[in-house]
Amino acid sequence: MDPSDPAISYEASFRDAVQEAYLKLGIASRPIMERPRSGQADLCLVTFAVSGETGLEPGKIAEEVKELIGSDPRWTLEACGGYLNCTFDPVRFVKETGDHLWKRRKDPGQGSPTGKKVIIEHTSANPNGPFHVGRARNPIIGDTLVRLLRLYGHEVESQYWVNDMGKQVMILAWGIKNIPPGELGEPGREKADHHMVRYYQAANERMESDTDVQEEINELLRNYEDAVGDQDLGRIISGKGRPVITASDVREAVREVLSGMVVSLDRLGVHLDTFVYESQVVEDRSLQDVIEGLRKSPLCREEDGASFLDLSEKMKGGDDDKYKRRFVFTRSDGSALYTTRDLAYHSWKLSRCDRAINVLGEDHRYQSQMLSLALSELGSTGVPEVVFYAFVSLPGGKMSTRRNRVVFLDDLLDEAVERAREEVEKRRDDLTTGELSSISEAVGIGALRFNVIKVQPEKRMVFRWEEALNFEGASAPFVQYSHARACSIIKKHGVEFDGTPDWSLLVEPSEISLLRTLGRFPQVIEEAASKRKMHLVPLYLVELASSFNDFYRDCPVLAESNEDRRDTRLALVVLSRSILKKGLGALGITAPEQM
RNA sequence: GGGCAUGUAGUCUAGCAUGGUCAAGGCGACAGCCUCCUAAGCUGUAUGUCUCCGGUUCGAAUCCGGACAUGCCCGCCA
């Protein structure tokens with residue numbers, strides 16, 4: 001909250017004035033205010049609810065409050081039925097808004113440091129093959145949240161939790177050791193993850209048809225866990241008496257696949273600060289601490305040598321014995337499970353930040369709830385906050401790697417950029433190859449990210465090329481286009497206007513409306529970040545771009561004969577450019593200067 | 001069997017925590033706008049039992065109860 005922001009201070013002042021009037025009328029309730037969408041006022045007080053408290057008609061209350069507040073140069077009030085409409089003084093409010101924005105034009109919307117450290121875990125896909133779009137929302141949502149919270153003022157670290165201890169990873173590693181490359185088909189593309197996934201697939205097939213292989217892999221997995229637990233990564237691990245692999249080999253395989261996956265993330269504009277390996281919590285023994293901690297919980301039970309927390313009292317549903325809520329943390333043989341390692345990771349993570357946020361698919365809701373309960377049993381001060389997203393499905397049903405009903409993220413990225421390139425080429429024939437490809441990349445990838453973020457994560461999405469790569473209407477290119485128009489005007493003018501604009505020269509409705517829309521940017525960022533409502537940003541940007549387009553249509557800038565007015569309009573263009581760029585940046589979308 | 005999530009024009013989405021002045025946009029459809037700072041733009045028209053049934057209220061897309069539909073989950077797997 002920036003008290004020097006007129007958009008905030010006007011509202012606060014009006015609220016205070018109403019509150020004071022309410023007190024005089026003997027009304028204790030908090031004033032109910034809203035911003036009318038229809039635009040007949042900037043703010044309005046709704047008095048119906050407090051009518052009972054005073055015995056007065058709602059319309060009468062509005063009148064009384066208006067009288068009590070009296071006149072104020074900042075606004076005019078109008079009682080209208082049960083509403084008290086407050087309209088900010090156009091000249092004064094526009095001037096203050098403009099001045100405020102102009103002061104911060106270099107870094108609009110940047111919140112002051114909160115001093116809070118936030119760790120955001122996202123993506124965390126199993127490192128056994130390329131990303132497919134069923135889960136592509138995860139890195140986009142996660143990375144956007146990272147950017148948004150940084151803009152808000154938090155210190156943010158992004159983490160990828162790498163599952164390098166599971167069966168899938170062992171299947172992959174086994175495949176690399178046992179399947180001759182000659183038996184593999186051609187890779188989908190020249191990229192480490194596409195190369196390596198063939199070993200995983202081939203090993204999977206082998207395992208399905210051969211129970212010996214299955215047993216061997218299970219045994220390897222168990223011995224692998226032991227080797228890591230003993231901090232002996234060089235030990236040669238056997239399966240069914242056959243020495244096969246070392247823990248280092250497994251890690252190497254994982255790193256190799258991951259390197260390919262990171263290439264895709266880079267292209268998407270997604271950056272991860274830290275990769276935390278699952279094996280780390282085993283190696284550093286923090287897993288053992290967690291297991292011992294859980295054993296002390298009053299909820300801890302044992303059955304056939306396995307240990308678990310009985311959570312049936314803490315979780316809804318499941319009276320049936322078959323559906324008991326149990327958080328199993330050691331097997332009968334004493335070994336740990338994935339969830340136990342995840343718990344150790346979270347315990348470590350929470351100790352290193354003020355707040356942890358996880359981005360997870362909706363299939364993890366139940367697991368995540370258990371994890372939080374287990375964390376509380378460990379005496380953890382906090383639990384992670386989770387952003388869940390629904391899966392992306394294909395028009396014919398869900399995506400399935402096994403049935404080959406998948407769209408790979410890499411293919412989606414290629415297609416996005418290719419379609420963007422066609423559009424650019426339609427319009428421009430004067431670009432260098434470098435310009436063409438950087439614009440296509442920005443537009444294609446931007447369109448994709450924008451379309452993911454503009455819908456709330458919990459809503460299901462059906463993947464359709466036309467929608468995922470929508471280039472018009474409410475889309476990234478629409479916003480980028482307005483930005484390019486702004487850049488074009490400034491470029492054409494030659495020198496960047498850097499004086500002091502006289503906002504009172506703004507007279508056209510569309511230019512005033514533009515300035516006021518620009519003024520809302522900090523509040524939008526604040527609300528989107530604090531309430532984790534990322535979709536508010538694209539929504540706002542479309543509104544801003546649209547407002548800029550209206551201005552562009554109605555108000556000639558360079559052709560304006562009055563020099564002072566021209567300069568003021570130039571200032572408006574500079575602000576628009578700056579905020580459009582910053583807003584897109586918060587979504588991880590680049591804003592080309594031309595397109 | 002149970003838990004959780006979602007349900008808004010042909011279609012996709014916003015609005016729902018704090019009920020309130022005409023349910024807001026995009027796509028698609030139809031009709032227009034480039035001698036003028038990039039038409040990826042702009043203007044206009046048509047299209048709605050806000051899934052259904054009850055309840056609370058002066059007032060419900062919004063709150064409560066109950067249905068229905070769809071998705072996800074309920075392993076000593078990850």
Side-chain angles (χ1 to χ4, degrees), chain A residues 30 32-34 36-38 40-41 44 46-49 51-52 58 80-83 85 126 163 165-169 278 303-308 315-320 322-326 328-333 335-339 341-342 361-367 369-370 388 390-391 393 398 420 423-424 426-428 443 447 451 454-456 458-462 464 466-467 470-482 484-493 531 535-536 539 542-543 545-546 549-550 552-560 569 573 594-595:
Chain A
R30 203 170 57 91
I32 296 171
M33 303 223 293
E34 59 178 40
R37 303 179 207 302
S38 33
Q40 63 268 64
C44 93
V46 187
T47 61
F48 295 91
S51 164
C80 177
Y83 303 92
N85 289 332
N126 278 331
N163 302 154
M165 293 217 64
K167 195 164 188 171
Q168 305 198 30
V169 167
E278 195 180 328
E303 194 176 286
D304 304 329
S307 304
F308 62 90
M315 291 176 83
K316 279 193 177 176
D319 302 333
D320 207 318
K322 191 176 148 199
Y323 301 113
K324 274 265 191 286
R325 271 46 181 145
R326 292 178 170 183
V328 180
F329 59 92
T330 58
R331 296 191 182 93
S332 300
D333 66 2
S335 63
L337 290 85
Y338 166 79
T339 39
R341 293 188 287 271
D342 198 17
E362 60 182 344
D363 54 336
H364 284 75
R365 276 183 196 273
Y366 172 79
Q367 195 54 246
Q369 198 191 345
M370 278 205 176
F388 291 106
F391 291 120
S393 60
K398 56 195 275 195
E423 295 299 318
V424 182
K426 253 190 239 171
R427 292 158 238 259
R428 303 286 296 268
V443 169
N451 280 306
K454 81 176 177 192
V455 334
Q456 305 186 44
E458 61 269 23
K459 298 256 191 179
R460 292 198 285 271
M461 290 181 100
V462 177
R464 293 188 189 87
E466 319 82 73
E467 282 172 26
N470 174 29
F471 285 177
E472 50 190 24
S475 71
F478 176 85
V479 180
Q480 288 167 320
Y481 184 67
S482 294
R485 278 178 151 180
C487 290
S488 169
I489 292 172
I490 294 163
K491 190 177 169 195
K492 212 154 240 180
H493 181 65
K531 297 182 184 166
H535 69 284
L536 294 179
L539 226 54
V542 166
E543 200 184 326
S546 187
N549 289 336
D550 290 344
Y552 187 91
R553 176 197 61 212
D554 298 336
C555 307
V557 178
L558 303 180
E560 171 59 45
R569 285 183 174 165
V573 175
Q594 54 169 339
M595 56 191 281

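Just so we're on the same page: letters track the sequence lines, and every chain starts at 1. Given the structure is predicted, the values throughout are model-derived calculations rather than measurements. FYI, side chains are in, hydrogens and waters are out, and symmetry mates aren't considered; it's all heavy atoms of this structure.
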Protein-nucleotides 68-73 of chain B N/O pairs under 3.5 Å:
residue, atom, partner, partner atom, Å
B:U70, O2', A:Arg460, NH2, 3.3
B:U70, O2, A:Arg460, NH1, 3.2
B:U70, O2, A:Arg460, NH2, 3.0
B:G71, O4', A:Arg460, NH1, 3.4
B:C72, OP1, A:Lys398, NZ, 3.3
B:C72, O2', A:Glu362, O, 3.4
B:C72, O2', A:Asp363, N, 3.4

Listed partners of A:Glu543 passing side chain to side chain donor-acceptor pair (under 3.5 Å), at least two apart: A:Arg520
Whichever of A:Gly305 and A:Glu467 has its nearest RNA chain B nucleotide further upstream toward 5': A:Glu467
Any donor-acceptor pair under 3.5 Å from A:Arg331 side chain to A:Ala306 backbone: no
Cationic N near anionic O, under 4.0 Å, A:Arg365 to A:Glu362: no
A:Lys459 side chain near B:G7 phosphate (N/O to OP1/OP2, under 4.0 Å): yes
B:C16 to B:A24 separation - P atoms, rounded to the nearest Å: 15 Å
Interatomic distance at P, B:C63 relative to B:A5, whole Å: 13 Å
Touch class at under 4.0 angstrom, heavy-atom based, for A:Asn126 against every strand present: sugar-phosphate
Sugar-phosphate, base or nothing in reach of A:Val328, heavy atoms under 4.0 Å: sugar-phosphate
Sidechain-backbone polar pair: A:Ser475 side chain, A:Ala447 backbone, donor-acceptor under 3.5 Å: no
Nearest-angstrom distance from the residue atom CZ of A:Phe388 to C1' of B:G3: 13 Å
Atom C1', compared across B:C34 and B:A40: separation rounded to whole Å: 15 Å
Residues that A:Cys487 engages under side chain to side chain contact (heavy atoms under 4.5 Å, CB included), provided they are two or more places apart: A:His483, A:Arg577, A:Glu593
Pairwise 5' ranking along RNA chain B for A:Leu558 and A:Arg341, keeping only the more 5' one: A:Leu558
Step-by-step side-chain contact (heavy atoms from CB on, under 4.5 Å) determination, A:Gln594 to A:Arg428: CA-CA 10 Å; A:Gln594 54 169 339; A:Arg428 303 286 296 268; 2.6 Å; yes
Per-nucleotide protein contact string for nucleotides 38-48 of chain B, where B marks a base within reach and S marks sugar-phosphate only (heavy atoms under 4.0 Å, - for neither): BSBSSS-----
Nucleotide B:U62, atom C1' - distance to CD1 of A:Ile32 in whole Å: 14 Å
Dot-bracket summary - RNA chain B, pairs being Watson-Crick or G-U whose distances fall under 3.5 Å, with | when paired to another strand: (((((((..((((......[...)))).(((((.......))))).....(((((..]....))))))))))))....
Out of B:G26, B:A78, B:U21, whichever nucleotide has its closest atom nearest the side chain of A:Asn85: B:U21
Side chain A:Arg569, main chain A:Pro556, donor-acceptor under 3.5 Å: yes
Separation between the C1' atoms of B:G75 and B:U70, rounded to whole Å: 26 Å
Integer angstrom distance from the C1' of B:A14 to that of B:C52: 23 Å
d(CD, A:Glu466; P, B:U13) in whole Å: 14 Å
Any A:Gln456 side-chain N or O less than 4.0 Å from OP1/OP2 of B:A14: yes
Distance between P atoms of B:G10 and B:A46 (Å, rounded): 16 Å
Distance-only donor-acceptor check, side chains A:Asn549 and A:Arg485, under 3.5 Å: yes
B:A17 glycosidic torsion: syn (within 90° of 0) vs anti: syn
Nearest-0.5 Å distance, OH of residue A:Tyr366 to CE of residue A:Met315: 5.0 Å
d(CG, A:Asp554; P, B:C37) in whole Å: 15 Å
Separation of atom CD in A:Glu543 from atom C1' in B:G25, rounded to whole Å: 10 Å
Base orientation of B:C34, syn vs anti, 90° cut from 0: syn
Touch class at under 4.0 angstrom, heavy-atom based, for A:Cys555 against every strand present: base
Rounded P spacing from B:A9 to B:U51 in Å: 7 Å
Integer-rounded Å distance: B:G15 C1' and A:Leu539 CG: 10 Å
Sugar-phosphate only, base, or nothing, as touched by A:Ala559 at under 4.0 Å among non-hydrogen atoms: nothing
A:Asp333: partners by side chain to side chain donor-acceptor pair (under 3.5 Å), with sequence neighbours left out: A:Arg222, A:Ser335
A:Ser393 side chain to A:Val462 backbone, donor-acceptor under 3.5 Å: no
Atom C1', compared across B:C58 and B:G41: separation rounded to whole Å: 46 Å
Atom pair NE2/OG of A:His493 and A:Ser488 - distance to nearest 0.5 Å: 13.0 Å
Exam field: side chain A:Ser332 to backbone A:Gly305, donor-acceptor pair closer than 3.5 Å: no
Rounded interatomic separation in angstrom, taking CG from A:Asn451 and P from B:C27: 12 Å
From CZ (A:Phe329) to CE (A:Met370), nearest 0.5 Å: 13.0 Å
Atom pair distance, as rounded to whole Å: NZ in A:Lys531 and C1' in B:G15: 13 Å
